[in-house]
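Everything below concerns the one structure shown next.
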Amino acid sequence: MKADKVPEKTEKLKEIKEEIIGLKKSPLYEYRSDNDYFPVIGEGAHDADLMVAGEAPGKNEAKTGRPFCGRAGKVLDEMFEGAGMERKKAYVTNIVKDRPPENRDPTPQEIDLYGPFLDRQIQIIEPEVIATLGRFSANYMLEKFSFGENFPISKIHGQIYKKESMSFKIIPLFHPAASIYSPDRKSDLIDDFKFVKEELKKT
Ligand code: URA
């Protein structure tokens with residue numbers, strides 16, 4: 001049973017947290033220290049069937065150390081509510097664990113540096129479904145599992161990516177921040193998230 005392994009999983013996730021706290025080689029470390037920000041490691045159930053992987057923390061997240069607790073987080077909460085799911089039963093994280101200045105896009109160097117922490121979180125949590133939010137986490141995962149490169153998110157959202165060698169499905173979704181001013185995007189996102197729930201039921 002996955003639940004029996006929770007203490008071990010929690011211990012391993014703690015090791016990741018400690019490593020990221022001391023990640024002085026990160027190009028984002030100085031910005032974190034200068035602003036008294038926290039790295040944002042991830043939050044939720046350590047034996048979650050659903051893992052949600054966003055891009056990088058924004059200002060609210062860096063101030064609190066909690067993923068998706070600002071405006072994009074409100075949309076994520078609506079997605080969970082719309083699908084009748086509890087956010088606390090999922091594990092929510094990002095590829096890049098420190099806030100990039102002025103919310104700029106993460107650089108390839110930052111993704112290369114922080115990506116392996118996401119890989120380890122996936123190995124520890126053993127999710128059934130990984131819902132990626134936005135193009136950076138989608139392309140990171142799809143490249144990693146050799147589905148291809150540089151996919152436009154509008155083409156791949158709401159689809160399942162799975163190979164026999166993988167123990168989980170990847171379902172790319174739009175980033176919630178992109179839906180704040182676009183009702184169409186938001187309804188796509190809410191529909192896609194209901195689809196994620198249907199896929200989870202099959203596991
Ligand atoms: N956007 C993200 O991608 N992640 C967060 O945690 C917050 C906003």
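Below, each value reflects all heavy atoms present in this structure, side chains not excepted, and no hydrogens, waters or symmetry copies. The structure displayed is predicted, hence computed values, not measured ones. Whatever order the structure lists ligands and atoms in, that order sets their numbers, starting from 1. For the single chain, residues carry numbers from 1 onward in sequence order.
- Taking NZ from K162 and CD1 from I160, the interatomic distance works out to 10.5 Å, rounded to the nearest 0.5 Å.
- Looking from atom 4 (N) of ligand 1 to the surrounding protein, the closest heavy atom is N94 OD1, 2.7 Å.
- Protein heavy atom nearest atom 2 (C) of ligand 1, with residue, atom name and distance: A56 O, 3.1 Å.
- Ligand 1 has H175 within reach: a non-hydrogen atom of the residue lies less than 4.0 Å from it.
- Not a single donor-acceptor pair under 3.5 Å links the side chain of K12 to the backbone N or O of I124.
- Under a 4.0 Å heavy-atom criterion, V40 is not in contact with ligand 1.
- Of all the atoms in ligand 1, the ones that sit under 4.0 Å from a non-hydrogen atom of E55 are 2 (C), 3 (O).
- The aromatic rings of F68 and H175 are tilted relative to each other, their planes meeting at an angle between 30° and 60°.
- The aromatic rings of Y31 and Y37 sit perpendicular to each other, their planes meeting at more than 60°, with 30° as the lower class boundary.
- In this structure, A177 falls outside the shell of residues with a heavy atom less than 4.0 angstrom from ligand 1.
- Under a cutoff of 6.0 Å and an axis angle of 45°, K89 and F80 do not form a cation-pi pair.
- Residue-to-ligand polar distances keep P67 apart from ligand 1: every N/O pair is separated by 3.5 Å or more.
- Judged by distance alone, the side chains of T132 and Y140 never bring a donor and an acceptor atom under 3.5 Å apart.
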